[in-house]
**Q** 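The structure is given below, and queries will be raised subsequently.
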Amino acid sequence: MTVPDTGVRVEPGSFRDPGNRVFHRAGEVLRGLDERSARDWRALSASDLFRDLTAAGHLVGTEELVPTPVDVPWAAVLRHDRIPFVSHPYEWSYAMLRDAALLHLDVLRAALEAGFTTKDGSAYNVQWRGARPVFIDVGSFEALRDGEPWAGYRQFCQTLLYPLLIQAHLGLDFQPFLRARIDGVEPDQMRRLFAGTRRWRAGVPTHVHLHGAMQARHADASSSDVRAQLRAAGFSRELALATVRGLTRLVRRLDHRPGDSHWTDYQRTCAYSVPDRQAKEDFVDRAAAATAPHSALDLGANDGRYARIAARHAAYVVAVEQDPGVVDVLYRALRDEGEGRILPLVMDLADPSPGGGWRGVERAAFVDRARADLVLALALVHHLAIGRNVPLPDVLDQLAALTEPGGSLVVEFVHPDDPMARRLLANKPDGLFPDYRWDAFEALLARRGRVVARAELPSGTRTLYQVVMGG
């Protein structure tokens, strides 16, 4: 079913369930439901399950528009609370993915106990309010039919459980596996990764090898045939609940702590003196207060020190850091504090998340999601311009593209004689970066905005700028 051109923008990532579709109109996030999905929604919305999940913050706030708008061809239309920033699972740390899996299982367990189930098991059904996961796929709930298995089990394994197994048991970062395939890690790939003695590690025999064998056994059978066989075998809600409880115990056991790296203890190992750090914090605080941003981006956030300063003045902050272990430490701290306004993400800014999925737009690219009123680029430019060989004008073009017109860019220029810059330059051929100079940098800034504040740190080798973009 298509939506006519009435000022409605259909969400590109919402099409796989023909019974409902998310769209946007006049700044609102709406969901259209067909007749069957509308019946499922009304049963859900009248239940204690819906009230309990919503009150706990586990399910996105949702209400039905009554009467149904006449200009959209759906049996019912829902309005959802807006998620401040949409992220993708391959941008999460290990603990984030694990908490998303546990939320998914908690929601499913509560649904089964209340006589419902969920049609999907995808990691993409979870988003974040800061460090708090929230289930967003309200259209996934339907009445439980006894004797039928959980339809989302395969998706759950491929997008949540398998990535957790890969990192917990093999020590490999899961993010590249999820970024490579929108449907997650295939069972065949898992069987190759967990061959030999690895096949006996926790969760692998049942959810990798047995799962794969069952899929092969029923490869030629229709889904209705498989359901009929399960009903005949006595599959019940109690067995489904036992499966969910077993998965929950497994995921809780799969805790993985990041190892130490240079960046996990950055505040101790970095080159900043105490006066430099204090001057930098004061500059960022003043710039954030002057901007009074609704949204802020901290690019190269490291341990989140400056994201926290921005959060004193911004409604919401997205803190982006390349090192997954650093993001994991930051997320755990924010989660333990109950922080709902800072979202940490794993991102290589020289290789940010591209568009993906169907036609390359089912999952939006980071640069298409991430415009903010305040952008912090602290101790970042030299890593991109020298460390990654990105031309300095291109670095500033990207920072400008991420900053809303009239918003502020707070950027730090690390001079060529700074110890960190010298370390990076030592690995490069002489004369490769003749334009990496403070005067060239200031000229480039002036072409992209209006410098409203400037401060040289006491060490004399780093300069901070606040630039109002487009001015």
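Quick caveat: nothing in here was measured; it's all calculated off a predicted structure. We number each residue from 1, following the sequence as shown.
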**Q** Listed by chain and number, what are the side chain to side chain contact (heavy atoms under 4.5 Å, CB included) partners of H294, not counting sequence neighbours?
**A**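 So H294 forms a side chain to side chain contact (heavy atoms under 4.5 Å, CB included) with A315, D373.
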**Q** Does the pair R192/E186 count as a salt bridge with the N-to-O cut at 4.0 Å?
**A**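 Salt bridge absent between R192 and E186.
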**Q** The criterion is salt bridge (Lys or Arg N to Asp or Glu O under 4.0 Å); which residues satisfy it with E412, sequence neighbours excluded?
**A**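 Listed in chain order: K280, R462.
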**Q** Which residues pass the salt bridge (Lys or Arg N to Asp or Glu O under 4.0 Å) test with D255, sequence neighbours left out?
**A**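 So D255 forms a salt bridge (Lys or Arg N to Asp or Glu O under 4.0 Å) with R257, R332.
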**Q** Should R154 and D183 count as an ion pair when the cut-off is N to O under 4.0 Å?
**A**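 Answer for the salt bridge query: no.
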**Q** I want to know whether F135 and F141 have ring centres closer than 6.0 Å.
**A**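 Centroid distance F135-F141: below 6.0 Å, so yes.
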**Q** Kindly assign one of parallel, tilted or perpendicular to the pair Y90 and Y124, based on the angle between their ring planes and the thresholds 30° and 60°.
**A**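 Ring orientation, 0 to 90° scale: perpendicular.
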**Q** Checking side-chain polar atoms at under 3.5 Å, does S37 have a donor or acceptor matched by the opposite partner on D40?
**A**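 Note: S37 and D40 side chains miss the donor-acceptor criterion.
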**Q** So, applying side chain to side chain contact (heavy atoms under 4.5 Å, CB included) with V251, which one of L97, L164, L160 is it?
**A**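 Result: among L97, L164, L160, L164 is the only option passing the side chain to side chain contact (heavy atoms under 4.5 Å, CB included) with V251.
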**Q** Are side-chain N/O atoms of S87 and W92 paired as donor and acceptor at under 3.5 Å?
**A**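 Looking only at side-chain atoms, W92 and S87 do form a donor-acceptor pair, the distance falling under 3.5 Å.
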**Q** Can you tell me if Q466 and S408 form a side-chain donor-acceptor pair at under 3.5 Å?
**A**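 Yes, a side-chain donor-acceptor pair sits under 3.5 Å.
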**Q** Look at R305 together with D298 and state whether they make a salt bridge at an N to O cut-off of under 4.0 Å.
**A**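 No salt bridge links R305 with D298.
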**Q** Could you list the residues that satisfy salt bridge (Lys or Arg N to Asp or Glu O under 4.0 Å) with E63, not counting sequence neighbours?
**A**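 Once residues adjacent in sequence are excluded, the partners of E63 under the salt bridge (Lys or Arg N to Asp or Glu O under 4.0 Å) criterion are R79.
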**Q** If the condition is salt bridge (Lys or Arg N to Asp or Glu O under 4.0 Å), which residues does D348 pass it with, not counting sequence neighbours?
**A**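 Applying salt bridge (Lys or Arg N to Asp or Glu O under 4.0 Å) to D348 gives R388.
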**Q** When you check the side-chain N and O atoms of Y153 and H207, is any donor under 3.5 Å from an acceptor?
**A**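 The answer is yes; a qualifying pair exists.
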**Q** Any heavy-atom pair between the side chains of L49 and F116 that's under 4.5 Å?
**A**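 Side-chain contact under 4.5 Å: yes.
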**Q** Measure the shortest side-chain to side-chain distance between R31 and H80 over non-hydrogen atoms and say whether it is less than 4.5 angstrom.
**A**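 Yes, at least one pair of side-chain atoms sits under 4.5 Å.
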**Q** Check this for me: does any side-chain nitrogen of one of E64 and R42 sit under 4.0 Å from a carboxylate oxygen of the other?
**A**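 Yes, this pair counts.
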**Q** For E91 and S353, does a side-chain donor sit closer than 3.5 Å to a side-chain acceptor?
**A**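 A donor-acceptor contact under 3.5 Å links the two side chains.
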**Q** Could you list all the ring pair (Phe, Tyr, Trp, His ring centres under 6.0 Å) pairs where at least one residue sits in residues 46-73, not counting sequence neighbours?
**A**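 Those involving residues 46-73 are W41-F50.
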**Q** With no hydrogens and no angle check, do the side chains of Y331 and D99 hold a donor and an acceptor under 3.5 Å apart?
**A**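 A pair is found: one side chain offers a donor N or O, the other an acceptor, under 3.5 Å apart.
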**Q** Are F283 and V410 packed together at the side-chain level, in the sense that at least one heavy-atom pair is separated by less than 4.5 angstrom?
**A**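 Yes, their side chains come closer than 4.5 Å.
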**Q** Taking the side chain as everything from C-beta on, heavy atoms only, tell me whether E148 gets closer than 4.5 Å to T117.
**A**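 No, side chains not in contact.
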**Q** Apply side chain to side chain donor-acceptor pair (under 3.5 Å) to D285 and H313, showing your working.
**A** CA-CA 8 Å; D285 189 60; H313 310 283; 2.9 Å; yes
**Q** Taking the side chain as C-beta and beyond, is there a heavy-atom pair between I166 and L193 under 4.5 Å?
**A**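 Yes, their side chains come closer than 4.5 Å.
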**Q** For V284 versus L378, what's the shortest heavy-atom pair and its separation?
**A**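 Smallest interatomic distance, heavy atoms only, reads CG2-CD1, 3.8 Å.
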**Q** With the side chain counted from C-beta on, respond yes when I182 and E362 share a heavy-atom pair under 4.5 Å apart, and no when they do not.
**A**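 Touching, per the 4.5 Å side-chain cut-off.
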**Q** Mind checking whether L374 and L297 have side chains closer than 4.5 Å, heavy atoms only?
**A**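 Side chain of L374 against side chain of L297, heavy atoms only: no contact under 4.5 Å found.
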**Q** Looking at E142 and R36, does any basic side-chain N land under 4.0 Å from a carboxylate oxygen?
**A**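 A salt bridge links E142 with R36.
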**Q** Under 6.0 Å between ring centres, would you say that holds for W128 and F85?
**A**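 They do not qualify: ring centres at least 6.0 Å apart.
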